[in-house]
Amino acid sequence: MRVSNSWFLIVGLIAFVMAPRIEREAPNIGAWAYLIGVAVAVLLYLSVLLHEISHAVAGLAFKMPVHSINLHFLGGATEIEGEATTPWREFVIAVVGPLTSLAIGGLALACVDLFDQGLVRFAVAALAGANLIVGVINLVPGLPLDGGRVLQAAIWAVSGRRGLGVVVAAWGGRLAAVAAFTYPFLLPAFGLRARLVDYFMGFVIGAFLWAGASQALTSAKVRSKLPSLDARRMGRPAIGVPATLPLAEGIRQAQLARAGSIVVVAADGCPMGIVNEAAVMSTPEGRRPWVSCGDLARRIEDGLMISADLTGEALLRTLNTTPASEYVLVEPDGSVYGVLVAKDVDAAYRAA
Ligand SMILES: [Zn+2]
């Protein structure tokens, strides 16, 4: 669990805003009002923590590892590894958060009248109000709010397309952002006066929602391109040559076989290295008969032999684990299918 610096700022702010009201509840309390204000703010954040823990527990129930819970000034965020594999899981992980907040708020509301006037009653009422507001706002159907993920899951379930759900829910988030930006300006129409804090909160929440929604749209776009990435389709046919073969002869054989790449193999046919294309290009024509293929080959280490069947996200993850300019693509039976050149993957991704 992490607590960001902005959290301390907002706890201070809440305490500052609440102190005058606390003084009204308990006169002659003096500077203690600020300390009690801090205590109430911490209490509110403990309920935010429960909200986040509910997301984490739901994720764990579906066997998804939970990385961290962060508390920041607009609430919290739970980082769960990977993504829900079904709309139902997505829905459950998202919806438990607002439900937890509404439950805490409802419970606190029911308890308010158990206390007479005073500080405890004030704290319980603040807990009720804050949690009911957090619960309701989080159900607004726009990303990055929980309600946005609920909407996303619903569209995914109906259409069978996760990407469509993300796009619609992200635009819901942008609409919510516009609503947050403009609400202080609409208050006068309802006979209410907009205070400075309304403009401030409208701007901060609007910016938070807009940024989160835009990020969701970007990742949906990236994701939509991924399925077209197919190692087998992008791979270049390769020829196997002994390490001692002169480069000029290797290139001649490769051209003859219409192969786009040269793999250095041991006597038993086992791949040893990949001839680096950039190194070949920078070797002048006249030098090529005097350089061996083995001299320009990168030794095949762990991670440079990858399955020819890799596609999409799994392929990118594999390439990112061991960054290199070339990889050997292997068939399930261990034989060499060809060579995957990193810049071909980049080009295919950009063209998608
Ligand atoms: Zn949540």
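Every number for a ligand or one of its atoms is a count from 1 in the order of the listing.
In this structure, a donor-acceptor pair under 3.5 Å is absent between the side chains of H51 and N131.
In H55, the N, O or S atom that comes nearest to the Zn ion (ligand 1) is NE2. Looking at D146 and the Zn ion (ligand 1) together, the shortest N, O or S contact belongs to OD2.
Applying the salt bridge (charged side-chain N to carboxylate O under 4.0 Å, His left out) test to pairs two or more places apart or on separate chains, those with a residue in residues 327-338 are R232-E331.
The distance from the Zn ion (ligand 1) to the nearest N/O/S atom of E52 is not under 2.8 Å.
Between F185 and Y199, a ring centre-to-centre spacing shorter than 6.0 Å is recorded.
For S261, the side-chain hydrogen bond (donor to acceptor under 3.5 Å, both in side chains) test picks out no residue, with sequence neighbours left out.
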